[in-house]
Amino acid sequence: MLISIAIPCYKSSKMIEKVVTEIKECFLKRPNYDYQIILVNDYPFDSTFDVIKTLCENDKKIIGVNLSKNYGQTSAKMAAINYCKGDVLVFMDDDGQHPAEHIFTLADKVLEGYDSVYAYFSHKKHSKFKQITSNMNSKILELNGSKPKGVHISSFYAISRFAVDSYKVYKSPFPSMDGFLNSIAGRSTEVELPHRERLEGKSNYTLKKLLKLWLTGFTNFSILPLRVIAAIGFFVALVGFITGIVVIIQKLCIPMMNAGYASTISVILFLGGLILFALGFIGEYIGRIYMTVSNLQQYRVREVINADVDCE
């Protein structure tokens, strides 16, 4: 069986060779499996692609893809889709935290009939900040239906050939891979696996990148945020109406009652902020629609090594 392994690379010139070597050593112990490794360089401004070139020269089963700029991890994964030849595609990180021997665990589970199989790390070797934000992201995606309920998602997972072919028609410039797959296929599960320390360095996920990830998860495959805003607006309007009735009754009963300027200003500021918040969310939807119809690309490939397939 041919297994494709896609690895988005970001400033990983010191780690990626060790990760690839470990993968190849694991396949040497499994003669019934063959491999294809797709290395997508998402930061073409350091020496990472030079290392990838060397790896490709030494092994024709390794494909090197150099993107024109930093598009983000999800776009880098989408770039790997068009080069996948395997019966199963496994995504993993470039930092060595994902044990390569469990590629087969995920792949074999996919062959049981699942479209996606995620590695569940009960004891993550991440900072507290990343663990908290990762859990928040998982809850957000589950809330708006962008991920299967009861399944812990991670960046180490395998997908079926059906899922690979389905992704090829997904052209949104704001890709949400989990959300898209969950919208067309419901066969997902998880496998508990061990997690390891990074080979070196620290995570490149900043708060800005996480906020962008959350926003994409919120808006790509759900209008839940708009419904929540509409519900809040209705509730605030109802409270305002009731408050107005109460003020009128008090004024009729106590004619000498002073006007509440402070409370009036507070209500105006609250309602004004709520309106601007709602307009911001609506504007986010409209902006994404505009950039989608303007044919904004998910990614742009600058250079490919060892690829003999057409890439759109």
Side-chain angles (χ1 to χ4, degrees), residues 8 10 40 42-43 67-82 116 133-149 153 155 163 166-186 204-241 265-301 311-312:
Y10 182 85
V40 183
D42 191 38
Y43 190 79
L67 301 185
S68 61
K69 70 181 188 70
N70 175 221
Y71 286 91
Q73 187 183 64
T74 304
S75 292
K77 290 179 179 179
M78 290 298 299
I81 292 291
N82 282 326
S116 59
T133 53
S134 177
N135 290 334
M136 289 176 62
N137 180 57
S138 181
K139 293 296 183 183
I140 289 171
L141 293 178
E142 186 168 324
L143 179 65
N144 73 347
S146 293
K147 89 172 188 65
K149 291 185 178 180
I153 62 174
S155 54
S166 298
Y167 277 128
K168 290 183 178 181
V169 301
Y170 181 33
K171 303 301 180 184
S172 169
F174 307 98
S176 175
M177 298 185 72
D178 299 311
F180 177 77
L181 186 59
N182 193 48
S183 69
I184 61 172
N204 294 302
Y205 261 108
T206 62
L207 181 59
K208 180 180 178 181
K209 290 181 178 179
L210 288 168
L211 289 173
K212 183 179 178 180
L213 181 65
W214 293 340
L215 188 60
T216 298
F218 252 127
T219 57
N220 268 26
F221 291 96
S222 174
I223 59 171
L224 179 63
L226 297 179
R227 290 175 176 172
V228 170
I229 291 172
I232 293 174
F234 175 79
F235 176 76
V236 171
L238 183 62
V239 170
F241 177 77
I265 293 299
S266 298
V267 171
I268 292 173
L269 291 175
F270 174 72
L271 292 176
L274 187 64
I275 291 170
L276 290 175
F277 176 75
L279 288 175
F281 243 118
I282 295 170
E284 183 69 26
Y285 276 95
I286 295 173
R288 287 172 180 252
I289 292 171
Y290 171 74
M291 285 185 277
T292 300
V293 300
S294 297
N295 291 323
L296 184 67
Q297 292 182 303
Q298 289 177 347
Y299 58 87
R300 184 70 177 175
V301 175
C311 179
E312 295 180 0

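Just so it is clear, the values below take in all heavy atoms, side chains as well, and ignore hydrogens, waters and symmetry mates.
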Which residues pass the ring-ring contact (aromatic ring centres under 6.0 Å, His included) test with Y43, sequence neighbours left out?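 Once residues adjacent in sequence are excluded, the partners of Y43 under the ring-ring contact (aromatic ring centres under 6.0 Å, His included) criterion are Y10, F45.
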Can you tell me how far the CD1 atom of I153 sits from the CG atom of L181, to the nearest 0.5 Å?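 It comes to 11.0 Å.
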Could you tell me the separation between the CE atom of M177 and the CD atom of Q73, rounded to the nearest 0.5 Å?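 The CD atom of Q73 is 9.5 Å from CE of M177, to the nearest 0.5 Å.
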Verify the ring-centre separation between Y170 and F180: is it less than 6.0 angstrom?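 Close enough - the centres of the two rings lie under 6.0 Å apart.
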Run the numbers on Y71 and Q298 for side chain to side chain contact (heavy atoms under 4.5 Å, CB included), then give the verdict. CA-CA 8 Å; Y71 286 91; Q298 289 177 347; over 6 Å; no
Please check this pair: side chain of N70 against backbone of D42, looking for a donor-acceptor N/O pair closer than 3.5 Å.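 Yes; at least one donor-acceptor contact below 3.5 Å.
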Look only at the side chain of T74 and the backbone of S176, and say whether a donor-acceptor pair between them is shorter than 3.5 Å.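 Such a contact is absent between T74 side chain and S176 backbone.
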Check M78 against Y167 and note the closest heavy-atom contact, atom names and distance.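 Smallest heavy-atom distance, with atoms named: CE-O, 3.6 Å.
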Residue pair I81, K168: steps toward the side chain to side chain contact (heavy atoms under 4.5 Å, CB included) verdict: CA-CA 7 Å; I81 292 291; K168 290 183 178 181; 3.7 Å; yes
Who passes side-chain contact (heavy atoms from CB on, under 4.5 Å) against A80, sequence neighbours left out?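 Applying side-chain contact (heavy atoms from CB on, under 4.5 Å) to A80 gives A6, I38, V40.
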